[in-house]
2 protein chains.
Amino acid sequence: MKQPKIKNMEDFASVSGISRPTISKYFNDPGSVRKSTRERIEHALEKFDYRPNMYAVNQNRRLTKNIGVVVPYLSDPFFAEMARNIENLITAAGYRPVLLGSHGDPQQEVDNLNNLRSIKPAGVLLAPLGRTSNQEQLRTFCKEIPTVLFDSNIGEIGEAFVGSDNEQSVGLIVEYLCRTGEPPAFFEMKTPTNPNAIKRHNAYIKAMERLGHEPYLIQVDGEGWDFEEVGFRGGTRVIAARDLPTNTILCSNDRLAIGFLSAAFEAGLRVGLGKSCALRIAGNDDHPFSRYSCPTLTTVSQDYASIAKKSAETLFDLIDSGKRRKKRETTYIEGKLVMRGSA
Amino acid sequence: MKQPKIKNMEDFASVSGISRPTISKYFNDPGSVRKSTRERIEHALEKFDYRPNMYAVNQNRRLTKNIGVVVPYLSDPFFAEMARNIENLITAAGYRPVLLGSHGDPQQEVDNLNNLRSIKPAGVLLAPLGRTSNQEQLRTFCKEIPTVLFDSNIGEIGEAFVGSDNEQSVGLIVEYLCRTGEPPAFFEMKTPTNPNAIKRHNAYIKAMERLGHEPYLIQVDGEGWDFEEVGFRGGTRVIAARDLPTNTILCSNDRLAIGFLSAAFEAGLRVGLGKSCALRIAGNDDHPFSRYSCPTLTTVSQDYASIAKKSAETLFDLIDSGKRRKKRETTYIEGKLVMRGSA
DNA sequence: AATATATTTTTACGCGCGTAAAGTATCATT
DNA sequence: AATGATACTTTACGCGCGTAAAAATATATT
């Protein structure tokens with residue numbers, strides 16, 4: 001059995017008995033060739049295992065089958081999980097996901113976009129860093145490449161935005177907390193990294209006022225993405241001070257809450273909704289680890305799957321239509337209350 | 001000020017006043033052109049912002065400047081953190097990292113390698129799934145592309161392996177636990193996903209025997225990568241059964257331990273090393289979240305930075321030398337004891 | 001200033017594939 | 001079996017860049 005080295009499409013065309021242009025057509029869209037032809041090609045493919053040279057393929061195409069996925073922080077399981085969902089959708093749609101994490105660094109974010117630019121992606125799904133993002137660069141990029149933002153909404157950047165409905169989510173949990181105990185104080189970072197934090201802040205105040213309670217904010221210092229650490233330090237300080245008007249704390253996100261939980265544990269405070277508990281703590285996100293904290297964390301879920309689906313589909317539409325949107329579309333996905341042990 | 005559209009290297013050569021081959025040389029290695037020339041090019045670069053077409057560049061090069069990084073599970077902060085370290089090293093060395101996660105799926109792992117194949121990477125850093133990996137496919141891939149394995153060692157696959165020294169790490173913590181309390185039972189999955197699990201199992205037995213204690217294994221069911229869940233369920237069962245010969249449990253990894261901790265908490269058991277504590281629990285890895293569990297987790301660190309550095313440097317050597325290793329090199333990086341609250 | 005050496009320019013070809021145009025074979029329909 | 005519509009083959013060109021070879025120029029050395 002002779003196995004000639006298949007070096008290029010020409011070679012593969014010879015051994016498969018089909019002309020090169022037809023082979024080319026096949027690889028661009030298997031459905032575009034006659035069934036009998038397709039079968040012959042696929043049969044040859046099994047025998048010879050040839051795959052087109054990606055670089056040669058994409059050199060001529062104006063837009064490739066690549067879709068960039070940029071998230072602010074891959075070490076955060078929230079984004080890792082989101083990326084996983086999105087990757088699967090992209091692959092299923094016949095595109096190739098290119099995943100890039102910005103490591104919380106604005107310069108890295110810009111670098112990532114520049115790297116993407118050079119691979120001429122068909123589109124990009126971008127979860128921006130937020131406050132620290134280089135907005136001008138993002139804007140320029142989005143004008144060049146069809147981009148859908150998710151998680152964090154920034155100004156009028158990108159063709160569309162998909163994220164969770166902070167107003168609804170925070171409203172939901174504030175209402176729950178008020179209904180089942182003392183109204184919550186809101187625990188957050190003084191200078192939030194993320195636009196969601198600001199929306200949650202406002203949503204908290206609004207919900208409290210709607211329910212006839214006085215909002216109470218606990219703002220802690222802390223830079224960067226080490227939220228658990230910030231939550232821990234802030235929590236320790238709050239607990240030591242002992243001047244809270246309430247025994248219930250709503251954290252701006254789950255990672256802060258996990259840190260706070262840790263602080264409460266160290267301080268010997270029981271957290272939960274029983275009579276023997278000194279504190280109730282709730283979060284926001286339904287972070288993958290929230291079900292294993294001690295106690296398990298009561299929170300509002302972000303609907304990973306829906307956010308991923310909606311943003312991916314929006315991008316596919318954008319790519320297929322070939323045009324840009326007349327109007328920037330924003331979609332807010334509702335969260336669900338996740339009642340667990342901590343509140 | 002006229003700003004002609006720079007479409008290709010030819011155009012850029014004109015506006016910069018340098019010949020195209022020299023420009024090409026510059027982009028392949030800025031140091032290879034005379035200083036004055038380099039400055040002229042860089043000056044033009046600032047004015048015209050041209051970047052070579054990646055696809056055209058790589059079409060002719062036998063090997064690209066891409067380095068693939070494949071990890072089994074990106075949603076596991078351990079691998080995300082490892083990937084982050086490695087990415088930085090790759091970028092610093094002038095290569096372009098291409099990060100791929102296998103989502104715990106052997107087929108995805110094979111797909112990832114195939115995708116890498118088509119971008120002709122200079123080399124690959126691979127943390128294989130382990131037991132479920134398609135070994136034959138991995139072997140074939142590694143013969144084609146210079147590959148360094150890390151984290152999980154599989155047979156004789158790849159040019160080198162870098163991972164943590166399980167023998168030493170487990171020895172360290174077993175010794176610590178025996179010295180400070182009752183000898184530990186070993187908590188693990190019955191069918192471990194990962195070669196490290198097996199090594200840790202053996203290291204535990206060896207360490208116990210060395211110290212004159214009877215090894216005691218607790219093996220729990222559970223498939224996949226949802227280790228916290230496995231740990232939680234297993235822990236709940238173990239605690240309910242109440243027939244342990246010891247109050248000390250060493251978990252095969254931190255994620256299992258975090259699940260176990262959660263189970264202990266739910267069962268109302270105090271975990272820690274004080275007299276009032278019913279249980280001691282320790283882990284292995286120093287997972288990013290272990291410092292925020294309740295109580296904080298005593299464990300043995302894996303030296304992320306060193307593992308990343310050693311494996312990246314090994315790959316760079318391999319690429320630079322252009323040859324394969326005569327002998328497969330394996331490096332085991334020592335772990336350090338991380339004493340926290342749980343044991 | 002003359003020579004040797006290092007760099008750059010000129011010229012030219014090739015990489016692997018997309019794709020257009022014109023001609024030929026195959027298919028479905030009546 | 002004749003017809004028109006599809007699908008395929010042949011031929012040919014171009015994409016943007018790497019790279020080789022020879023000629024021209026700039027720099028370093030004596």
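Protein chains get the first letters and strands the later ones, always in sequence-line order, with residue 1 at the start of each. Every heavy atom of this structure was used, including side-chain atoms; hydrogens, water molecules and symmetry mates were not.
Between A:Arg84 and A:Glu81, at least one side-chain nitrogen of the basic residue sits less than 4.0 Å from a carboxylate oxygen of the acidic one, meeting the salt-bridge criterion.
Nearest nucleotide to the side chain of B:Thr22, out of C:dT9, D:dC8, D:dC17: C:dT9. Minimum atom distance to the side chain of B:Val57 is reached by D:dC17, of the listed C:dG18, D:dG16, D:dC17. Closest contact between the side chain of A:Gln59 and the listed nucleotides C:dT8, C:dG16, C:dT9 involves C:dG16. Checking D:dC15, D:dG18, D:dT11 against every side-chain atom of B:Asn28, the shortest atom distance belongs to D:dG18. Listed nucleotides: C:dT8, D:dG16, D:dG18. Nearest to the side chain of B:Thr37: C:dT8.
Between B:Asn60 and B:Ser32, the residue anchored nearer the 5' end of DNA chain C, judged by the nucleotide with its closest heavy atom, is B:Ser32. Both A:Arg34 and B:Ala56 sit near DNA chain C, but only B:Ala56 has its closest nucleotide nearer the 5' end.
Backbone-only contact: A:Tyr50 has heavy atoms under 4.0 Å from sugar-phosphate atoms and none from a base. Looking at heavy-atom distances under 4.0 Å, A:Pro52 makes contact with sugar-phosphate atoms alone, never a base. If you check every strand for non-hydrogen atoms under 4.0 Å, B:Asn58 touches nothing.
Atom-to-atom, NZ of A:Lys25 to P of C:dA20 comes out at 11 Å; the value is rounded to the nearest Å. D:dA7 atom P lies 14 Å from atom CD1 of A:Ile41, rounded to whole Å. When the C1' atom of D:dT25 is taken as reference, atom CD1 of B:Ile18 falls 13 Å away, rounded to whole Å. Distance, B:Lys65 NZ to D:dG18 C1': 15 Å, rounded to whole Å. The CZ atom of B:Arg61 sits 10 Å away from the C1' atom of D:dC17 (whole-angstrom rounding). Whole-Å rounding puts the B:Tyr26 OH to D:dG18 C1' distance at 18 Å. Whole-Å rounding puts the A:Ile23 CD1 to C:dT19 C1' distance at 15 Å. Between the CG atom of B:Asp29 and the C1' atom of D:dT19 there is a distance of 15 Å, given to the nearest Å.
Not one side-chain nitrogen or oxygen of B:Ser19 sits closer than 4.0 Å to the OP1 or OP2 atom of C:dT8. Residue B:Asn8 places at least one side-chain N or O under 4.0 Å from the OP1 or OP2 atom of D:dG16.
Looking only at atom types and distance, the side chain of A:Thr64 has no donor-acceptor partner in the side chain of A:Asn58 under 3.5 Å away.
Smallest separation of non-hydrogen atoms from B:Ala308 and B:Ile86: CB-CG1, 3.7 Å.
In this structure the side chain of A:Val70 reaches within 4.5 angstrom of the side chain of A:Leu113, judged on heavy atoms. Residues B:Phe150 and B:Val71 meet the side-chain proximity criterion, which asks for heavy atoms closer than 4.5 Å.
You'll find the ring centres of A:Tyr304 and A:Phe78 inside the 6.0 Å limit.
The base of C:dT10 lies outside donor-acceptor range of the side chain of B:Arg20, with no N or O pair under 3.5 Å.
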